[in-house]
Each structure stands twice: as C-alpha cells, then as structure tokens.
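For reference, the structure discussed in these notes is given below.
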2 protein chains.
Amino acid sequence: MNIRTELSPSAQRIAEVAQNLVQEVGYNGFSFEHIAKEVGMRKASVHHHFASKADLGVAVVKSYTHEFEDALQNILTSAKSAPQRLTAYADLFEATFANQHHLCVCGMLSAESNSLDAAVKQEVNHFFQLNMTCLTFVVQEGMDSGSLKKVNDAPAVAQTCLSMLEGSMLVGRCLSAPMGPRHMMDLFLGLLGS
Amino acid sequence: MNIRTELSPSAQRIAEVAQNLVQEVGYNGFSFEHIAKEVGMRKASVHHHFASKADLGVAVVKSYTHEFEDALQNILTSAKSAPQRLTAYADLFEATFANQHHLCVCGMLSAESNSLDAAVKQEVNHFFQLNMTCLTFVVQEGMDSGSLKKVNDAPAVAQTCLSMLEGSMLVGRCLSAPMGPRHMMDLFLGLLGS
DNA sequence: GTCTATATCTTGATAGAC
DNA sequence: GTCTATCAAGATATAGAC
C-alpha cells in the first residue's frame, strides 16, 4: 500500500535523494548525475530504477503525498478542535522549512508546473486537492462547533490557510527574518478564533 | 534612472521576454535559445546584450522591482486608508496572476534561489525587503489610525500578507478553483478590519 | 548589432558487458 | 543491479566575419 515500501531499497534511496533535491533546487535544478553522485552509483543505474525523470518525479510526489496523508489522518484523530488541528497542520510545514529552508515538494513543483510532464503535474494537483479537502473539513467543523468565527465560507478560509503556509516558506527563503509557517498560523488563528 | 529605459530597444525586448519566461517556467526552465526564438534573433545576439544568464537575470529583477516600486509609491499617494492600500496592493498580484497564471518574478526566483547566482539572489532579497518595508509601514499606520485591529505587531502582519499573496499564486497554479490574490486579501481584511 | 560557426559541458536516455 | 560506453540534444558561452 505504501508506495515507498513497494520500491526496492535502492529505488527508495534514489527517491529520497530526489525528494530532497526537489525541495532544495527544484525539479529543473537537478539531474540524474546529481542523484547518482549523492546515492553513490552511476547515472545508468539510476535509470534502471526509474526509466525517465518523469517516472522519478511521479514516484517522489506519490511517496510525499502518501506520507502527508498519514500525517493528516493522524492530526484528525489526535487533535479534536479546529485550532488545534490547524496548528498541528502548520507544524508539518514548520518541520519541513526548519530543515534547511526546504520547500514543500508540491509547492516547489507547483511553481514549476508549466515545465512538468503531465503525469507529474497530475500528482501535484492531487496533493493540493487532498489538502483542500482536509482543510475544508476541519474549517467547516470548526465553524459549526463554534471554535472558529463564521466570517467566510470554509473552502475560502481553507485555501487562504494553505496559501499562507506555502507562501511563508516561499517568501521565507529570501527574507532575513522569516516568521515560519507555525508562527503565521498562530497569527491567523488569533484573527479567526472565536 | 529607469533600468528599462537605460537598455537599448533590443535589450529591453530581450529582458521583457526573459521576464515572461521566468514567470511561466522559472529561471531554470528556459535558455538563451528560447529567448532568441521569441525575440527573433540568434543566441549570439542575445549574448551581445547580456553576456551571461546571470546578467540577464539581474536586469530582469531590477526592472521588475523598479516597476513595482513605482506602483507602491502610487498606492501610497492615491489610497489613503490601510484597507484601501492593501486592496490596491493585492490587485498588483491579481493582475499578474490573471495573466496566464503568471507568478510574481521574485516569488518564482525565491523558489529557485538555491540555484541562482549570488547577484540575482541579492536582487530578489532586495525586492522582498522593499515589499516588507512598504507593507509594514502601511499596516503600522493602519493600526495607529484605527483602520486595522492591533492584534499583532505590524511586521508580522505584513509578512503574513505577503506570504498569503505569493502563496495564493503558487497554490493557485495547481487548484481547479483558485481564489486569486485579491479575493484572499478581501478575506484577510474581513478578519483584520476594525 | 547581428550573424555563422564552434567550443565545451551537461542533459536525459540507451546498449550491452558483467 | 550495477557498470562502462555512447548517443543525440540542448545548455552557456566565445570568436570573428559582415
């Protein structure tokens, strides 16, 4: 079921290195040669596991999305109120950004989406769709139960949250004193809390 | 004084095409060959105007920042209240995104910042510094004059605005129903308005 | 300023030995 | 599964004629 454990150990390692490179320099910023050097094998061996760069891209996004989905499920079961859930959600991005100012895999790929193969772009779309569904549910529940103000429709608030968090990482890369996703969500919840 | 009019007509045209390409596919997503085809000249002629890709990158960001600076000045003089100013500010991003889902030049370059030459990255940093200074001033004035709630320090609110707007474009590229920067600012001002 | 031609390197990808 | 070797294409960049 888990895409990552479906792969051979070498393929897993390659996908892991590729994910880090996407988060550091983007899909157009690295090559099979970079991966080979990092993993400690030759380009041709990387191609043995992933025939094309698009195949590798799809594997990276699927794996990333799968892990993210697990984390979302975990948040829904362990955190009970919308503010707690949104805080835990922001902490996912915080952990990513705290690691060498890495971007969200799909945030980076969304920027590059016009130069991605259709299969990769589709996986990125799916990631955001998943996040929007989850966030909308959380926000709607919060508004219904009274833990969030009912100032706007839930999907709009959800998209604002998602944009703010992705944007905090994007902008944070070029600011001398970035706030970080967690701090930004705290501010947002200060405005949205009832 | 204007970087764009300091350039020869051909150089201006090249920089203009390069800017569009950055906004569409990113700095790592295009080559001198793409520019040459679009402009209608040969690669070598492009190099005559900009010796290196980094030189071209610097020119693009300087030109973009200069235009943005003019727009900011315009907003400060023509709009008098913080909500009006922030709305006009969001409209700058709205216009960019409405044009074929283009990203902000510096939003895109911030994502790619780890693979940029130092000179280009420095210009991107300057763009964000400029925006933060302007936004912080606007927010602070709004809090002081009572048109915005005093819930947080002005720099934090400013960074949240900037992140939300940049993020709305980033995320909007991969959503079927993106809200757009202007709509998102309306929502934010609904929460922050006093 | 623009061109042709070329140099040099890197890219994604394949063939075939081990 | 990994390797060497190779390919064709594309990348940045330069030299020199017009």
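Convention: sequence-line order gives letters A, B, ...; per-chain numbering from 1. Reckoned from all heavy atoms, side chains included, excluding hydrogens, waters and symmetry mates. Owing to the predicted nature of the structure, the values given are computational and were not obtained by experimental measurement.
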Under 4.0 Å, counting only non-hydrogen atoms across every strand here, what does B/Phe30 touch: a base, just sugar-phosphate, or nothing? sugar-phosphate
Filter on side chain to side chain donor-acceptor pair (under 3.5 Å), then keep only pairs touching residues 176-193 of chain A, sequence neighbours left out; what's left? A/Asp91-A/Arg182, A/Arg182-A/Asp186
From the candidates D/dT12, D/dA11, C/dT11, the one with an atom nearest any side-chain atom of B/His34 is D/dA11
Return the residues of residues 113-123 of chain B meeting this criterion: a heavy atom under 4.0 Å from some atom of DNA chain C. Order them by number, or give none. none
Rounded to whole angstroms, how far apart are NZ on B/Lys37 and C1' on D/dG10? 10 Å
By side-chain hydrogen bond (donor to acceptor under 3.5 Å, both in side chains), B/Gln73 pairs with (sequence neighbours left out) none
Rounded to whole Å, please give me the gap between NZ in A/Lys53 and P in C/dA13. 9 Å
Can you tell me if B/Ser31 touches the phosphate of D/dG10, counting only side-chain N or O atoms and a distance under 4.0 Å to OP1 or OP2? no
Checking A/His66 against A/Ser63: is there a side-chain donor and acceptor pair closer than 3.5 Å? no
Find every protein N or O atom lying less than 3.5 Å from an N or O atom of nucleotides 1-5 of chain C, and list the pairs.
unit_1 : atom_1 : unit_2  : atom_2 : d
C/dG1  : OP1    : B/Ser8  : OG     : 3.3
C/dT2  : OP1    : B/Ser10 : OG     : 3.0
C/dT2  : OP2    : B/His49 : NE2    : 2.5
C/dC3  : OP2    : B/Arg42 : N      : 2.8
C/dC3  : OP2    : B/Ser45 : OG     : 2.9
C/dT4  : OP2    : B/Arg42 : NE     : 3.4

Applying side-chain hydrogen bond (donor to acceptor under 3.5 Å, both in side chains), name anything that partners A/Asp144, two or more places apart in sequence or on another chain. A/Gln140
Polar side chain donor-acceptor pair, A/Ser115 to A/Glu112, under 3.5 angstrom: no
Which donor-acceptor pairs under 3.5 Å do side chains of residues 162-175 of chain A form with protein atoms, sequence neighbours excluded?
unit_1   : atom_1 : unit_2   : atom_2 : d
A/Ser163 : OG     : A/Gln159 : O      : 2.8
A/Ser168 : OG     : A/Leu165 : O      : 2.7
A/Arg173 : NE     : A/His101 : O      : 3.0
A/Arg173 : NH1    : A/Glu24  : O      : 3.2
A/Arg173 : NH1    : B/Ala111 : O      : 2.8
A/Arg173 : NH2    : A/Gln23  : O      : 2.7
A/Arg173 : NH2    : A/Glu24  : O      : 3.4
A/Arg173 : NH2    : A/His101 : O      : 3.0

How many whole angstroms separate atom CG of B/Asn28 from atom P of D/dG10? 18 Å
